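Let me begin by presenting the structure, written as structure tokens, before commenting on it.
Just so it is clear, the model here is predicted, and its values are computed rather than measured.
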Amino acid sequence: MSMAETLREKLTASFAPEALDIQDESARHEGHSGSRPGGETHFNVRIVSKAFDGLSRVERQRRVYATLAEE
């Protein structure tokens, strides 16, 4: 399973999103810290979910990072 598929699976299970867009931006980060051959190291994620209602932007981000902590 690709990293993007793993991210999609975990985010969907945790947040039941109404919208989820995952873009692999690894090519834009070649040579940066954490970059490796083959990519799948840097992603841009846009997620819309009722699970975030009433939460601050920082708390939303914390919950996403906690969900993806292993990755």
Side-chain angles (χ1 to χ4, degrees):
M1 180 180 313
S2 74
M3 182 58 70
E5 290 169 338
T6 300
L7 298 178
R8 182 174 302 283
E9 186 176 280
K10 286 188 170 193
L11 292 171
T12 298
S14 293
F15 302 109
E18 298 166 30
L20 178 58
D21 182 39
I22 300 173
Q23 296 178 6
D24 185 349
E25 295 186 343
S26 301
R28 296 176 60 194
H29 297 273
E30 285 184 34
H32 293 183
S33 176
S35 179
R36 58 182 184 260
E40 293 201 317
T41 58
H42 294 80
F43 291 87
N44 181 19
V45 175
R46 181 184 165 275
I47 182 171
V48 178
S49 172
K50 293 208 182 287
F52 297 134
D53 285 355
L55 299 178
S56 70
R57 181 176 174 221
V58 171
E59 185 57 30
R60 294 173 188 190
Q61 188 172 13
R62 284 181 182 147
R63 292 188 184 193
V64 169
Y65 283 165
T67 298
L68 302 176
E70 290 181 20
E71 287 66 39

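Gln61 meets the side chain to side chain contact (heavy atoms under 4.5 Å, CB included) test with Tyr65; sequence neighbours excluded. Partners of Arg62 under the salt bridge (charged side-chain N to carboxylate O under 4.0 Å, His left out) rule, at least two apart in sequence or in another chain, are Glu59. For Ser14, the side chain to side chain contact (heavy atoms under 4.5 Å, CB included) test picks out Thr67, with sequence neighbours left out. With sequence neighbours left out, Glu5 forms a side chain to side chain contact (heavy atoms under 4.5 Å, CB included) with Met1, Ser2.
To the nearest 0.5 Å, the span separating CZ on Arg8 from CG on Leu20 amounts to 4.5 Å. Taken to the nearest 0.5 Å, the OG1 atom of Thr6 stands 9.5 Å off from the CD1 atom of Ile22. One distance of note links CG of Leu11 with CD of Glu9; it measures 10.5 Å at 0.5 Å rounding.
Ser26 places a side-chain N or O within donor-acceptor distance of the main-chain N or O of Thr41, the cut-off being under 3.5 Å.
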With a 3.5 Å cut-off and sequence neighbours excluded, list the donor-acceptor pairs that the side chains of residues 43-55 form with protein atoms.
from	atom 1	to	atom 2	distance (Å)
Ser49	OG	Phe15	O	2.5
Ser49	OG	Ala51	N	3.0

